[in-house]
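Worth knowing before you read on, the calculation uses all heavy atoms, side chains too, and leaves out hydrogens, waters and symmetry mates. For ligands, and for the atoms within them, numbers begin at 1 and follow the listed sequence. Heads up: numbering here begins at 1 and tracks the sequence.
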Amino acid sequence: MEQKIPAHIAIIMDGNGRWAKKRGLPRTAGHKKGAETIRKIAIACNQKGVQALSVYAFSTENWKRPEEEVDYLCKLPRFFFNRYMEELKQNNIRVRFLGEIERFPIDTQNVILSAVEQTSENTGLILCLAVNYGGRREITLAARAYAQDVLNQKADLAIEEEAFGKYMMTADMPDVDLMIRTSGELRLSNFMLWQNAYSEFLFTDVAWPDFDVVQLNKAIDEYTARDRRFGGLK
Ligand code: IPE
Ligand code: IPE
Ligand code: MG
């Protein structure tokens, strides 16, 4: 069967820590391997014609982890972009982010902003990193910005869904079509609550560091076979 290509794939990249533990490695080794998986999957999605790939890299809840692990996760964007920026550029990939990066160390913020800027003219896949991101926080910030616009008489009180969606961090991106969570957990963990309203969910036991193009194809095959009705009848 010919694959239907989702316009927007979102991935909760889970299981880095367990992957490392199983191999007797520190949890950080799992995060490093997980960053390499992002590169592989982004390039594959770009080749397949996916418009946007959003990956959950750090949640608003992940600050609760031990300081050492949080520090490591804060440094990962620099490792990732130092290593893969050229390749991302060559592949015409556009980097974006979701979340409030102000809470990260300044050099991490700069690395992310520079990646966005260096790839802003690209026209291929949007690789969207969710960093210090939480779905409820995003909706709360959107509500605040909208309320401010109402006060400033820039927005109408009787706003519709589509217009309110423009206040989200994903503003001009399509809704999520396929949401994948790796490593066996069956929950959303506060990821893209607005954008996942009608996405197809796919859960796999494979840990994120082991996720590969074969797994991606399996996920897209399953998505292709799903019957999406959006509340209507077929
Ligand atoms: C996902 O892997 C990456 C982040 C949350 C940053 P985990 O670190 O949650 O790995 P597990 O779930 O403990 O195995
Ligand atoms: C979700 O994974 C966040 C990211 C993948 C960045 P977690 O491992 O933090 O989620 P919980 O704690 O299992 O809900
Ligand atoms: Mg986890």
Would you check the N or O atoms of Phe58, main chain and side chain alike, for any that come under 3.5 Å of an N or O of ligand 1?
no
Among all protein heavy atoms, pick out the one at the shortest distance from atom 2 (O) of ligand 2; state its residue, atom name and that distance to 0.1 Å.
Arg181 NH2, 3.7 Å
Which atoms of ligand 2 have any heavy atom of Asn62 under 4.0 Å away?
3 (C), 6 (C), 9 (O)
If you have a sec, work out which protein heavy atom is nearest atom 14 (O) of ligand 2 and how many Å separate them, to one decimal?
Ser189 OG, 2.7 Å
Between Arg83 and Glu36, is there a salt bridge with N-O shorter than 4.0 Å?
yes
Which atoms of ligand 1 are found less than 4.0 Å from any heavy atom of Arg18?
11 (P), 12 (O), 14 (O)
Carboxylate-amine/guanidinium contact Asp212 Lys40, below 4.0 Å:
no
Within 4.0 Å of some non-hydrogen atom of Ala57, the atoms of ligand 1 are 6 (C)
Please determine if Arg27 has a nitrogen or oxygen closer than 3.5 Å to a nitrogen or oxygen of ligand 1.
yes
Give the ring-plane orientation class for Phe104 versus Phe58, where under 30° counts as parallel, over 60° as perpendicular and anything between as tilted.
perpendicular
The Mg ion (ligand 3) -> Asp14, closest N, O or S atom is OD1
Less than 3.5 Å apart, any donor N or O on the side chain of Asp175 or Trp194 sitting next to an acceptor on the other?
no
Classify the contact between Glu185 and ligand 1 as side chain, backbone, both or neither, using a heavy-atom distance cut-off of under 4.0 Å.
neither
Distance-only donor-acceptor check, side chains His8 and Asp177, under 3.5 Å:
no
Are Lys21 and ligand 1 in contact, using a heavy-atom cut-off of under 4.0 Å?
no
Atom indices of ligand 1 within 4.0 angstrom of Asn16 heavy atoms, with elements
1 (C), 2 (O), 3 (C), 7 (P), 10 (O), 14 (O)
Indicate yes or no: does Lys89 engage Glu86 in a salt bridge with an N to O separation below 4.0 Å.
yes
List ligand 1 atoms under 4.0 Å from Met13, heavy atoms only on the residue side.
1 (C), 2 (O), 3 (C)
Does Lys21 NZ have over 12 foreign heavy atoms under 6.0 Å away?
no
Using a 4.0 Å heavy-atom cut-off, say whether Glu61 meets ligand 1 through its side chain, its backbone, both or neither.
neither
Can you check which of Phe191, Tyr133, Tyr56 brings a heavy atom nearest to atom 6 (C) of ligand 2?
Tyr56
Do any nitrogen or oxygen atoms of Ser59 lie less than 3.5 angstrom from nitrogen or oxygen atoms of ligand 2?
no
Pair Asp149, Tyr167: side-chain N/O donor-acceptor within cut-off below 3.5 Å:
yes
State the atoms of ligand 2, each with its element, that fall below the 4.0 Å cut-off from a heavy-atom position in Arg65.
7 (P), 8 (O), 9 (O)
Does atom 9 (O) of ligand 2 have a protein non-hydrogen atom under 4.0 Å from it?
yes
Arg187 heavy atoms, cut-off 4.0 Å: which ligand 2 atoms fall inside?
11 (P), 13 (O), 14 (O)
In plain terms, say whether Asp221 and Lys48 are close enough for a salt bridge, that is, a side-chain N and a carboxylate O under 4.0 Å apart.
no
Can you tell me if Gln3 and Asn217 form a side-chain donor-acceptor pair at under 3.5 Å?
yes
If you look at every heavy atom in Val95 and Thr119, which pair is closest and at what distance?
N-OG1, 2.9 Å
Could you check whether any heavy atom of Ser183 sits closer than 4.0 Å to an atom of ligand 1, since that is the contact criterion I want to use?
no
Does the N or O separation between Asp14 and ligand 2 drop below 3.5 Å for any pair?
yes
Are a donor atom and an acceptor atom from the side chains of Tyr223 and Arg228 found within less than 3.5 Å of each other?
yes
